[in-house]
**Q** 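Sharing a structure here in structure tokens format.
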There are 2 protein chains.
Amino acid sequence: MSNALSGKGRVSAELIERIRAKASEVGYVPSQAGRALRTGRTGVLGLVLPDISNPLFPQIAQAIEYAASNIGYGVLIADSRGEVAMQTEAVNRLIEQDVEGIVIVPRRGTRIADIGCPVAVIDSPSTPGNTVAADHWQGGQEIVEHLTGLGHRNLVLIGNNPASNVQNDRIGGMKSRIPSDGKAEVLWIEPLEQEWGKGCLLGLAGKVAEGFTAFVAVSDLHALRALTELHRAGIGVPEEASVTGFDDLLWSSVVTPGLTTMRMDMPRIAEIAVGALARVIEADCPETSRTATGTVASVEMTKVPMQLVVRQTTAPAASPTPEMSPQTPEGKCLC
Amino acid sequence: MSNALSGKGRVSAELIERIRAKASEVGYVPSQAGRALRTGRTGVLGLVLPDISNPLFPQIAQAIEYAASNIGYGVLIADSRGEVAMQTEAVNRLIEQDVEGIVIVPRRGTRIADIGCPVAVIDSPSTPGNTVAADHWQGGQEIVEHLTGLGHRNLVLIGNNPASNVQNDRIGGMKSRIPSDGKAEVLWIEPLEQEWGKGCLLGLAGKVAEGFTAFVAVSDLHALRALTELHRAGIGVPEEASVTGFDDLLWSSVVTPGLTTMRMDMPRIAEIAVGALARVIEADCPETSRTATGTVASVEMTKVPMQLVVRQTTAPAASPTPEMSPQTPEGKCLC
DNA sequence: TTAATTAGATTAAACGTTTAATCAGATCTG
DNA sequence: CAGATCTGATTAAACGTTTAATCTAATTAA
């Protein structure tokens, strides 16, 4: 009844105590529904992901949930399962559930329309309307600096799909740090698989024969693939070739050798994202919560630096490879 | 106002149409808060996980979210981040958010107390109070049947922690299918790491020297570790040794060679779990939703069979290994 | 023709909370 | 001491929905 007065208004300490006592005696818990109806605040944020089965989803979800619960919000999840149509449908489901704001990790190439509630976008700094993201470009730079610092000059950059902003940023950053006396070749997996079938070999052995000494993947997933393919071909990692990934997925540390990779500061990113949401929510609320303008474009976009995690898949480049001329002419996919 | 009458009561088709028109004209969306207050139904389920960073969390979350949204429920997530204390705290946060039921994947060894709302537990059939789970025992049986069918007789079973019900079930099932002319040795990783440090070698090369031809892990994570360790030691997979995992994590298909593993039927499990919840919710609701009895113990526990996924890490056992005597005497951890 | 039934529309009450408004008593001021 | 001020408690209104109840007019039956 007046329990809420425990903060506002004027009540005697004695009364407040009596209420408290009775409350816990009866096991009273305030109903969120009632509060929500009166105040228009549900205390719930939505989180929509392009595809929950994305391996780095756990990091995102965990960080968002943590950041949200820290400032008193719950997190309602929705999965667009990769389909772009379901993305808007998921958003609709969330706003029907009266979420006060939405954190969205958009599917590749998707633009988030102005919906009726505050939105924070986590994608890549190159995405229009983005709110916060890891600095993928800087991450790309740092990983190749690490490799060039070890003496590597000829790098194979491994990506999956050139349509991804994130992947492009990472590869862009990598390229920008290739020394003038070195060279880099980009290898896109998806087109390759279009032609040779899913799970095909990437022809990495051929690359080392051509003189490449390092394989720089845009994701630990692809790094793992490279790692095992090289192992299989009898090429020692890191003695004969170095391999790096991105994202520091869980298993990066359990493979042998441990994978050198770049890690995002997810807790930070999540904190910024939900923080931005909370700010516009708590600002807009007094007036017209239903008519909230949509995107949190007002708050300037933030880039969070990535961090290098050095493990065992990187080592100094093999001595200037005496036979560096292309011995195996075909660098093709060996599928 | 009477929009809801669109289902109950008696209204003319004409009026119903007029309402609809006006509604969409004004862009009216019914407020969940109001409905929740009146009906006591929030349409939200909670999902609490022992540790979101668990790599198979995506599968669980995705499946639960899908099953829930299919029958009109939203899913609020909560992470107990491994700490048992936070598990109950997470549950409390959820019920404060007025969830109508909770799906919980309990932390190892945790027992779920009777809280004030319906609960479905997903763990292992050996866990008391469990509602639904994959049939880990059967999974263990099937994977070794696959291996013995290929002629393997001496298997190393790799687990992490003997305190896990799930792992014990799997290993139990495995053991139950070891043929009389074969042998099996269990290798627990966690105690090993206690002694030799995290990420230490498991001494697998020694095992193949002793005559073991197959490594059966309780998780793809450990299988991956075994796979790379064997590769590293120059032991061919699957020519010289077979390796299998569990759970069919995302990357199981991208490693080279692709990992043979057992997959849970998560969609099915999720459907059963949220189905059970929905049933008791919709039954209890009319009377006393606040006084719901707690666990969904009433509905009998269900075991969902696991499915074998054969890829390339398993092959017929090498010809009866002529030199099967233990050449490398030390089977110790080589860390 | 009148009373009884009924379809369809309108009104009212209730859910549990918060916030504003009202009220009674006490302290203070002129 | 009377009127003004203030403190703390109590009461009332409102949020948006659903469900029950009331009300009107029209159709049917006697």
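Naming: A, B, ... by sequence-line order, numbering from 1 per chain.
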**Q** With sequence neighbours excluded, what pairs up with B:Gln87 under the side-chain hydrogen bond (donor to acceptor under 3.5 Å, both in side chains) test?
**A** none
**Q** Return the set of residues passing side chain to side chain contact (heavy atoms under 4.5 Å, CB included) with A:Gln307 (not counting sequence neighbours), or none when no residue passes.
**A** A:Arg263
**Q** Could you state the CG-C1' distance from A:Asp98 to D:dT17, rounded to the nearest angstrom?
**A** 11 Å
**Q** Output the rounded distance in Å from CD1 (B:Ile19) to P (D:dT17).
**A** 12 Å
**Q** Provide the closest heavy-atom pair for A:Asp248 versus A:Gln59 in the form atom of the first, atom of the second, distance.
**A** O-NE2, 3.4 Å
**Q** Select from B:Ala13 and A:Ala33 the residue whose nearest nucleotide in DNA chain C is closer to the 5' end of that strand.
**A** B:Ala13
**Q** Hey, does the side-chain of B:Arg38 have a donor or acceptor N/O within less than 3.5 Å of a partner on the base of D:dT18?
**A** yes
**Q** Of all residues at least two apart in sequence or in a different chain, which pass the side-chain hydrogen bond (donor to acceptor under 3.5 Å, both in side chains) check with B:Ser164?
**A** none
**Q** When A:Glu65 is tested against each of B:Leu76, B:Ile77, B:Leu49 for side chain to side chain contact (heavy atoms under 4.5 Å, CB included), which residue passes?
**A** B:Ile77
**Q** List, with names and distances, any nitrogen or oxygen atoms from the protein found under 3.5 Å away from nitrogen or oxygen atoms belonging to nucleotides 6-9 of chain D.
**A**
{"residue": "D:dG8", "atom": "N7", "partner": "A:Arg10", "partner atom": "NE", "Å": "2.8"}
{"residue": "D:dG8", "atom": "N7", "partner": "A:Arg10", "partner atom": "NH2", "Å": "3.4"}
{"residue": "D:dG8", "atom": "O6", "partner": "A:Arg10", "partner atom": "NH2", "Å": "3.0"}
{"residue": "D:dA9", "atom": "OP1", "partner": "A:Ser12", "partner atom": "OG", "Å": "2.4"}
{"residue": "D:dA9", "atom": "OP2", "partner": "A:Ser12", "partner atom": "N", "Å": "2.8"}
{"residue": "D:dA9", "atom": "OP2", "partner": "A:Ser12", "partner atom": "OG", "Å": "3.4"}

**Q** Quick one, B:Leu221 and B:Trp251 - any side-chain contact, counting heavy atoms below 4.5 Å?
**A** yes
**Q** Give the rounded distance in Å between these two atoms: CD of B:Gln32 and C1' of C:dG16.
**A** 16 Å
**Q** For A:Ile102, which of A:Val121, A:Leu45, A:Leu94 qualifies under side chain to side chain contact (heavy atoms under 4.5 Å, CB included)?
**A** A:Leu94
**Q** Axis-to-axis angle across the helix from C:dT1-D:dA30 to C:dG30-D:dC1, five pairs an end, to 10 degrees?
**A** 60°
**Q** Rounded to the nearest angstrom, tell me the gap between atom CZ in A:Arg35 and atom P in C:dT18.
**A** 5 Å
**Q** Rounded to the Å, how far apart are B:Leu37 CG and D:dT17 C1'?
**A** 8 Å
**Q** Tell me, please, which residues at least two apart from B:Asn160 pass side-chain hydrogen bond (donor to acceptor under 3.5 Å, both in side chains).
**A** B:Glu190
